[in-house]
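Have a look at the structure below, then the notes.
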Amino acid sequence: MRANSFKVAAVQFEPTQFKHKENIKKLYSLVEEAAKNGAKLIVTPEMGTTGYCFYSREEVAPYVEPIPGNTTAIFEKLAMEYQCYIVIGMPEVDPENNLYYNSAALIGPEGFVGKHRKTHPYIAETKWAVNGELGHQVFETSIGRIAILICMDMHYIETSRIQALSGADVICHISNWLDERTPAPYWINRAFENNCYVIESNRWGWERTVKFSGGSCVIDPEGQIQAVIDNGDAVAYAEIDLEKARNKNVNGRNLIKHRRPEMYRELMTNSYTWNPLDLFGLYGHEPFPPGQKSTIAVGQFMPGSSKSNNFAKIEEQTKEAKQNGAELIVFPELSISGMFQDESSAEPVPGKSTDQLVKMSLKYRMYIVAGLVEADNGLLFNTAVLTGPEGFIGKYRKIHLNESERTWARAGDEWKTFDLKIGRVGLLIGYDTLIPEAGRLLALRGCDMLLCPSLLNSPVPTSHPGTKVPQNYPIPTGADPLHWHLHRVRAGENNVYLAFANADDSEKGFYGKSGIFGPETFKFPRNESVVMEEEGLAYVEVDTSNTDTMYPTNVVKRKDLMLMRQPHFYKDLVSTELTSEGLIERKVLLPQKG
């Protein structure tokens with residue numbers, strides 16, 4: 001009978017390159033230590049048996065082996081003796097074709113269970129390994145549903161999302177993560193947005209000029225760190241609660257059930273396979289706007305029930321933003337109407353309030369994004385409005401609604417992008433940004449910026465105390481009060497600027513921390529600005545231009561992370577066959593035979 005909870009272990013380890021037997025011996029010792037301490041699922045780092053930084057197929061050739069094979073057999077004995085499951089990262093050779101893979105094996109009391117081959121390679125694997133072709137599996141075991149990802153796989157919202165939709169209780173993420181403080185914001189985001197556990201096993205130490213970040217940890221379905229190792233060889237322990245992993249309803253949100261898969265068909269395309277300067281504008285249709293350097297702003301305040309008072313605050317902050325050189329400003333969700341009370345606050349769009357917003361845009365020569373309750377033929381929508389010096393530009397109706405909003409609002413059914421002189425912008429509202437598919441779709445449409453009016457009370461951004469792991473300048477190692485800010489991750493994973501305007505009212509649970517975040521995850525110092533827990537404005541200079549060449553030179557045009565997507569693996573993201581849990585019918589994978 002399956003227990004509702006069990007102990008897990010994340011092993012942090014520094015392998016020594018070219019010391020295959022010694023690495024296995026040390027890993028064995030750490031895994032056995034975890035097993036003796038009662039861990040039923042033990043996860044070890046990517047390429048833990050060999051080290052990572054190989055120049056070529058020829059250099060790694062002496063260390064590749066089949067899975068299952070000699071190394072998995074060694075750990076099978078431990079798994080049988082202690083009745084536990086073990087994840088081992090290693091370079092694999094397929095005997096049928098002599099192809100190499102960056103792989104992970106799952107071993108249990110019954111022997112070899114299955115394997116994952118890294119599907120989304122980092123720059124290093126392309127020197128010797130081919131892309132994995134096994135997809136993103138979930139393995140049914142006696143302790144729960146276990147999934148595996150390897151390092152760069154987790155940069156992509158699609159991989160862990162597919163596993164969550166297939167019922168994963170825990171994602172074992174094995175990595176050789178570098179260039180930032182860990183636990184990495186990506187790791188935390190994937191646990192939170194999929195409401196499942198992440199066991200992160202990372203390596204540490206130096207190898208061929210590369211500094212690995214450590215930070216191995218266990219993260220719960222709310223994005224909270226349960227246990228963490230900063231530096232050195234060690235084991236982190238925590239408890240997995242299966243009920244917590246399977247209860248997707250948390251404080252009025254269900255980030256699985258509230259998806260809109262019928263709206264996600266474009267995830268199956270890849271608009272960045274070809275030169276995006278050619279693709280966007282093919283047949284003379286929707287070419288990229290030229291773009292420019294601009295200053296943009298977000299305004300943070302708590303909208304009230306009085307539209308006149310809200311407009312006074314909007315004008316006050318718009319005037320200040322203009323005086324500081326901004327050309328665009330974003331205000332919180334429902335910033336015009338205030339939070340929904342009854343239908344009396346609703347109005348058409350365009351209408352009286354949008355006319356007033358247009359006058360303000362003309363007066364200050366500014367693009368303005370603000371929100372209101374829209375009335376249309378007896379239906380109500382949570383709507384964001386975009387106006388500019390040219391007048392009323394357009395509106396976006398919120399597509400993803402939480403449980404509270406479902407009591408009064410109808411969900412929108414159209415993604416919206418707009419080409420302005422400052423670049424191509426897409427609109428999202430609040431809860432939309434918690435659903436990772438939303439930002440991805442707008443990125444695939446070529447957006448330079450995502451503008452996000454919000455009224456969010458979770459996830460509350462969390463801090464980092466700093467790390468003892470040294471990093472090369474300018475990578476920071478000190479404390480960061482906003483280490484995990486969901487919108488910082490959304491910007492980086494989609495290579496867009498993201499302007500997040502939130503309300504600030506601690507009594508009502510709104511955490512503020514509005515900000516503008518840059519398009520590159522690992523660029524330091526970060527191009528971002530944040531308002532903390534008070535009314536106010538944040539500014540960032542954005543650059544959406546491109547040098548006069550045939551190819552994109554700006555990351556928001558080039559979108560490196562879009563190029564490396566593998567859409568042929570993503571079909572489950574558009575499945576509308578949901579169970580009562582809000583999950584697709586799971587593809588149960590039983591132990592495999594070698």
* Can H155 and Y122 be said to form a ring pair (Phe, Tyr, Trp, His ring centres under 6.0 Å), step by step? -> CA-CA 10 Å; H155 272 270; Y122 184 56; 7.9 Å; no
With the side chain counted from C-beta on, respond yes when [X] and [Y] share a heavy-atom pair under 4.5 Å apart, and no when they do not.
X    : Y    : answer
M47  : N102 : yes
D169 : Y197 : no
L486 : N189 : yes

Identify whether the distance between the nearest side-chain nitrogen and carboxylate oxygen of [X] and [Y] falls below 4.0 Å.
X    : Y    : answer
R117 : D94  : yes
R488 : D480 : yes
E207 : K211 : no
E193 : R259 : no
E493 : R490 : yes

* Can you list every pair that meets salt bridge (charged side-chain N to carboxylate O under 4.0 Å, His left out) and has a residue in residues 48-57, with sequence neighbours left out? ->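 Every candidate salt bridge (charged side-chain N to carboxylate O under 4.0 Å, His left out) pair involving residues 48-57 fails, so no pair, neighbours aside, qualifies.
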* **Check: I150 main-chain N/O paired with D153 side-chain donor or acceptor under 3.5 Å** =>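 Such a contact is found between D153 side chain and I150 backbone.
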Is it the case that atom [atom1] in [X] sees more than 12 heavy atoms from other parts of the structure closer than 6.0 Å?
X    : atom1 : answer
Y55  : OH    : no
W274 : CH2   : no
F569 : CZ    : yes

For residues 466-477, tabulate all N or O donor-acceptor pairs below 3.5 Å that involve a side-chain atom, not counting sequence neighbours.
| residue | atom | partner | partner atom | Å |
| --- | --- | --- | --- | --- |
| T467 | OG1 | D230 | OD1 | 2.6 |
| T467 | OG1 | V469 | N | 3.0 |
| Q471 | NE2 | S213 | OG | 3.0 |

* Asked: With a cut-off of under 6.0 Å to the ring centre and 45° to the axis, is K26 in cation-pi contact with F13?
  ->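 No cation-pi geometry.
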Acceptor/donor pairs from residues 519-526 side chains to any protein atom, 3.5 angstrom cut, sequence neighbours excluded:
| residue | atom | partner | partner atom | Å |
| --- | --- | --- | --- | --- |
| T521 | OG1 | Y186 | OH | 2.8 |
| R526 | NH1 | T521 | O | 3.2 |

* **Candidate pair K244 and E222, rule salt bridge (charged side-chain N to carboxylate O under 4.0 Å, His left out), full reasoning** => CA-CA 9 Å; K244 190 171 184 179; E222 281 287 280; over 6 Å; no
